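First up is the structure itself, then whatever we jot down about it.
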Amino acid sequence: MRSAIRAFSTNVTKTDRKGFVPRRALLYVPGSSEKVLAKVPKIKVDSLVLELEDGCPLASKAQARTNIAAYLDDLPSKGDHACFELGVRVNSVSSGLLADDVKELSKAKHLPQVFLVPKVDDPDELAAIWDIFKTNYGAERIQNSKSRLIIYIESARALLDMPRLLATTLNLHKNAGFFKLDGVVFGSDDFCADLGMSRSNEGTETLYARQRFVTCCKAFSLQAIDSVYIDIKDLDGLRRQSIEGKAWGFDGKQCIHPTQIPVIQESFLPPPDKIEWAKALIDEYIKHENEQRNTVLTFRGSMVDRPVILQAMNIVQTVKYIQESQ
Ligand SMILES: CCC(=O)SCCNC(=O)CCNC(=O)[C@H](O)C(C)(C)COP(=O)(O)OP(=O)(O)OC[C@H]1O[C@@H](n2cnc3c(N)ncnc32)[C@H](O)[C@@H]1OP(=O)(O)O
Ligand SMILES: O=CC(=O)O
Ligand SMILES: [Mg+2]
């Protein structure tokens, strides 16, 4: 009977959950600091991103590239990592720095598990990005790798053109063998700069953008990663915005400091009372369906129909996938 319920769950069945990577918190670790890089294997976070872009000053980019390439080259000697996934955020194609990044990274024996490419503004840029990766890694190495791709939406133009950007990126995997697009990040700070907005901790100025962003991601069954919360000391504000993002459908949030990790990761797990509610509702629904073949019922005083059951199933599935993948 559970499988009968699952069969009509659009969210669960349309998404390829094989190789699911939890990305509740996505922590940037600037590649320019050898001291911080040395701590990487022990940092417990879902996704750890070695940073070459805006977290690395221009004067340190060359050093950061060398450091990250050396790290990847020598990966087995680092032992087991406490993070679930190790990625690298390169510079954007429009910065003119991407080719140098990829050239240096491609010298390493190992690829990161995910490449993160910021500021993808125009579908034409994707051909240039693919070209840079292909030139340096070679098409075969890319096609044989299991590395994934995450792109960033960080401008008004990109937000409006998101369906085309996502479709073009997915097609590059299908037709040319580029890394498979797995998730999308909302680059809130660059977005605010692009629109001339003043960013605030409340984030009301990006309300429309975040909601359009998450809707587009879900239309393509992609993970949606929410804004950076730059006020490192304000953990209450971070928690509020993380819970808000989770409620809107985001899968995770960018993270810039180790103290933000537990706040974000806890916020992106459904709370225990919600998990209990979801499991009890599914059990009740199965009983009800067996007895009456009716899809509408009252549960704990509220009307429940198919969409409410689907939400309960999403909660149970999220917990299951995160627990299974850790
Ligand atoms: C806004 C748009 C974006 O693009 S966000 C992405 C780009 N920005 C970044 O990558 C910034 C990442 N964060 C950082 O560089 C640092 O956290 C900044 C903000 C500079 C603060 O560093 P710091 O002054 O050392 O903080 P702290 O003294 O409180 O650090 C305590 C210990 O934690 C460490 N730490 C700090 N940040 C990180 C990090 N991102 N990853 C790993 N470790 C980190 C510090 O090294 C320090 O360690 P220790 O106690 O000295 O051993
Ligand atoms: O890259 C992240 C941002 O907020 O900008
Ligand atoms: Mg940015």
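Position 1 is the first residue of the sequence; numbering continues from there. Remember, it's 1-based here, ligands and their atoms both numbered in the order they're listed. Predicted model, so just to flag it, every value in this text is computed and none were measured.
Ion pairing of Glu244 with Arg210 is present here, as a side-chain N (NZ or NE/NH1/NH2) and a carboxylate O approach within less than 4.0 Å. No salt bridge links Lys103 with Asp100; every basic N to acidic carboxylate O contact stays at or beyond 4.0 Å. Ion pairing between Asp231 and Arg199 fails under the 4.0 Å rule for side-chain N and carboxylate O. Taking 4.0 Å as the cut-off between side-chain N and carboxylate O, Arg23 and Asp46 do not count as a salt-bridged pair.
Comparing Gln254, Glu53, Glu51, Arg89 by heavy-atom distance to atom 3 (C) of ligand 1, the nearest is Arg89. The option from Phe191, Tyr152, Tyr28, Tyr229 that lies nearest to atom 39 (C) of ligand 1, judged by heavy atoms, is Tyr28. Across the listed options Val49, Asp189, Leu37, Asp189 owns the non-hydrogen atom lying nearest to atom 1 (C) of ligand 1.
Among protein heavy atoms, atom 8 (N) of ligand 1 sits closest to Gly55 CA, 3.6 Å. Protein heavy atom at the shortest distance from atom 15 (O) of ligand 1 is Pro30 CG, 3.5 Å. If you check which protein heavy atom lies closest to atom 30 (O) of ligand 1, you get His257 NE2, 3.3 Å. Among protein heavy atoms, the minimum distance from atom 51 (O) of ligand 1 is reached at Lys35 NZ, 3.2 Å. Nearest protein heavy-atom contact of atom 14 (C) of ligand 1 is Ile256 O, 3.9 Å. Looking only at heavy atoms of the protein, atom 38 (C) of ligand 1 is closest to Pro258 CD, 3.4 Å. Remark: minimum distance from atom 49 (P) of ligand 1 to any protein heavy atom is reached at Lys39 NZ, 3.2 Å.
At a heavy-atom distance under 4.0 Å, only side-chain atoms of Ile232, from C-beta outward, approach ligand 1.
A distance of 10.0 Å separates CD in Glu125 from CD1 in Ile132, rounded to the nearest 0.5 Å. Taking CG from Leu26 and OH from Tyr28, the interatomic distance works out to 5.5 Å, rounded to the nearest 0.5 Å.
Counting only N and O atoms by type, the side chains of Gln63 and Ser32 include no donor and acceptor under 3.5 Å apart.
Residue Val184 forms a side chain to side chain contact (heavy atoms under 4.5 Å, CB included) with just one option from Leu166, Ile225, Ile150, Leu149, and that option is Leu166. Exactly one residue among Ile129, Asp124, Val120 makes a side chain to side chain contact (heavy atoms under 4.5 Å, CB included) with Val93. That residue is Ile129. Each of Asp121, Asp122, Asp194 was evaluated against Arg157; a single residue qualifies, Asp122, per the side-chain hydrogen bond (donor to acceptor under 3.5 Å, both in side chains) test.
Judged by the 6.0 Å and 45° rule, Lys253 forms no cation-pi pair with Phe268.
Taking a distance limit of 4.0 Å, we find that atom 32 (C) of ligand 1 is approached by no protein heavy atom. Less than 4.0 angstrom separates atom 27 (P) of ligand 1 from at least one non-hydrogen atom of the protein. There is a protein heavy atom closer than 4.0 angstrom to atom 42 (C) of ligand 1.
Between Tyr321 and Phe20, the ring planes lie tilted relative to each other; the angle falls in the 30° to 60° range.
Residue-and-atom listing of protein N/O/S atoms under 2.8 Å from the Mg ion (ligand 3), sorted by chain and number: Glu154 OE1, Asp190 OD2.
In this structure, Phe191 has its ring center no closer than 6.0 Å to that of Phe213.
Remark: side-chain polar atoms of Arg148 are not paired, donor with acceptor, to backbone N or O of Val21 under 3.5 angstrom.
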If you look at each N/O of ligand 2, which protein N/O atoms lie under 3.5 Å away, and at what distance?
| residue | atom | partner | partner atom | Å |
| --- | --- | --- | --- | --- |
| ligand 2 | 1 (O) | Arg89 | NH1 | 2.9 |
| ligand 2 | 1 (O) | Glu154 | OE1 | 3.2 |
| ligand 2 | 4 (O) | Ser188 | N | 3.1 |
| ligand 2 | 4 (O) | Asp189 | N | 2.8 |
| ligand 2 | 5 (O) | Glu154 | OE1 | 3.0 |
| ligand 2 | 5 (O) | Asp190 | N | 3.0 |
| ligand 2 | 5 (O) | Asp190 | OD2 | 3.0 |

